[in-house]
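Worksheet for the structure shown next.
Keep in mind it's a predicted model, so treat the numbers as computed, not measured.
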Amino acid sequence: MDSWRYNASELLLEWDSHPVTIPPSKPYLTEYSLMDTVTQVQDQFAEPSAVADTNHSYMYSSLTLTFILNRQYGFYLMDFYAPSILLVCISWVSFWMAPDAVPGRTILGASTMLTFFQLGIETGSSLPNVSYIRSNDVWFFACTVFIFLSLAEFAFVNTIWRYGDQKVQLKKPTSKYILKSSVHPHLQQDQPSHKFKKPRDGFYSKDNEITPRPRLDVIPDTQEPVMSMQDIAIWVDEKSRIVFPLAFSLFNAAYWGVLYQS
C-alpha cells in the first residue's frame with residue numbers, strides 16, 4: 001500500500017520474484033480449500049476531483065493478489081442434497097395411495113413442498129448473494145419441479161377418478177392411447193353387463209381385491225377395447241411409480257456428472 005500522492009508517472013509498484021509463499025500444510029478453512037494464488041500489476045484510473053482546478057485524470061500503480069479457493073461441498077451433501085432427495089422420494093408415496101384419498105395425498109404433497117422450501121431458504125441464507133445461477137439453484141429448481149409434478153399428478157388422477165365407472169373407448173390397448181383417452185375421454189353409453197368379456201392382456205379384475213388394478217374389457221360386437229375412467233386413474237398411478245423415479249435418477253446422473261467434471 002502506498003500514498004495516492006504519486007501517480008504512475010512518478011511511482012511504479014512491482015512484485016518481488018517470490019512475493020507469496022504457501023507452507024506445505026495449507027491453512028485450514030472450514031468451507032474452502034486454497035488452490036492457488038495469482039499476483040498482478042495493474043494501473044488504476046482515477047477521475048479528477050470535483051474541487052480540483054485541473055481536467056487531467058490520473059493513473060496509479062497498484063498490486064493485486066488473488067486467492068483461488070475451492071468450495072467444500074461435503075457439508076451441503078449432508079444438510080441439503082441428501083434431505084432434498086428424501087423429500088422428493090417422499091412425494092412419490094402418494095402414488096401408492098388411493099386416487100380418491102384427497103386429504104392424505106393433499107397433506108402429503110403440500111407438507112413436502114413447504115418443508116423443501118424451508119430447507120432451501122436455510123441453505124441459501126448461508127451462501128453469498130450472486131447474480132449468476134449456481135449449481136444448487138439448478139438442483140433446487142429441479143427438485144421443486146418434481147415435487148410439484150407429483151401434486152399435479154394427483155390432481156389429474158383425482159379428476160379422472162371422479163368420472164366414476166364410466167367406460168371410455170380405446171383405439172388400441174397401449175399406453176399412448178390410454179393416456180390420450182384420459183386427457184380427451186370419449187365416454188361410452190352404458191353397456192349391458194353381459195356384453196363384456198372377462199379381462200385379458202395382463203390386466204387384472206377388481207373382484208375380491210382390496211387395491212384394484214386396471215381392467216381392460218372388450219365389446220364383443222366391435223372387438224374395441226374399453227376401460228373405465230377409474231381404471232385409467234389407477235393405471236396412471238402405476239405408471240407414475242416408474243416414470244418419476246426413473247426421470248429423477250436420470251437427472252441425478254446428468255447433474256452430478258456435470259458437477260464432477262467442472
* **Heavy-atom neighbours of L77 CG exceed 12 at 6.0 Å** => yes
* Asked: Which residue pairs pass the salt bridge (Lys or Arg N to Asp or Glu O under 4.0 Å) test with at least one member in residues 6-16, sequence neighbours excluded?
  -> none
* Within residues 103-115 or reaching into it, pairs that qualify as side-chain hydrogen bond (donor to acceptor under 3.5 Å, both in side chains) - sequence neighbours excluded -> R105-E153, R105-D237
* Please step through side-chain contact (heavy atoms from CB on, under 4.5 Å) for the pair V236 and S240, ending with a clear verdict. => CA-CA 6 Å; V236 172; S240 298; 4.2 Å; yes
* Evaluate side-chain contact (heavy atoms from CB on, under 4.5 Å) for Y76 paired with T123, printing each intermediate quantity in order. => CA-CA 8 Å; Y76 299 98; T123 304; 4.0 Å; yes
* Asked: Does I242 have any side-chain contact (heavy atoms from CB on, under 4.5 Å) partners at least two apart in sequence or in another chain, and if so, which?
  -> none
* To do: Establish, yes or no, whether a centroid distance under 6.0 Å links the rings of F140 and F116.
  => yes
* Asked: Who are the side-chain contact (heavy atoms from CB on, under 4.5 Å) partners of N158, not counting sequence neighbours?
  -> V102, F154, R162
* To do: Without swapping roles, check the side chain of W92 against the backbone of F244 for a donor-acceptor pair under 3.5 Å.
  => no
* May I have all residue pairs that pass salt bridge (Lys or Arg N to Asp or Glu O under 4.0 Å) and include part of residues 108-119, sequence neighbours excluded? => none
* **I121: hydrophobic cluster co-members (side-chain, 4.5 Å)** => none
* Asked: Can you name the residues that form a side-chain contact (heavy atoms from CB on, under 4.5 Å) with I85, not counting sequence neighbours?
  -> C89, W139, F248, N252
* salt bridge (Lys or Arg N to Asp or Glu O under 4.0 Å): pairs with one or both residues in residues 113-134, sequence neighbours excluded -> R134-D137
* Tracing side-chain links under 4.5 Å among I, L, V, M, F, W and Y, which residues wind up in one group with V243? -> none
* To do: Determine, step by step, whether L11 and L13 satisfy the side-chain contact (heavy atoms from CB on, under 4.5 Å) criterion, reporting the C-alpha distance in whole Å, the side-chain angles of both residues, the deciding distance to 0.1 Å, and the verdict.
  => CA-CA 7 Å; L11 176 64; L13 300 178; 4.2 Å; yes
* side-chain contact (heavy atoms from CB on, under 4.5 Å) partners of T66, counting only residues at least two apart -> V38, T64
* Can F156 and W161 be said to form a ring-ring contact (aromatic ring centres under 6.0 Å, His included), step by step? -> CA-CA 9 Å; F156 177 66; W161 182 268; over 10 Å; no
* Just by distance, do the side chain of Y255 and the backbone of S135 share a donor-acceptor pair under 3.5 Å? -> yes
* To do: Show the numbers, then the answer: is there a side-chain contact (heavy atoms from CB on, under 4.5 Å) between V138 and I133?
  => CA-CA 7 Å; V138 177; I133 299 177; 3.9 Å; yes
* Asked: Which pair of non-hydrogen atoms, one from L108 and one from V93, has the smallest distance, and what is that distance?
  -> CD2-CB, 3.8 Å
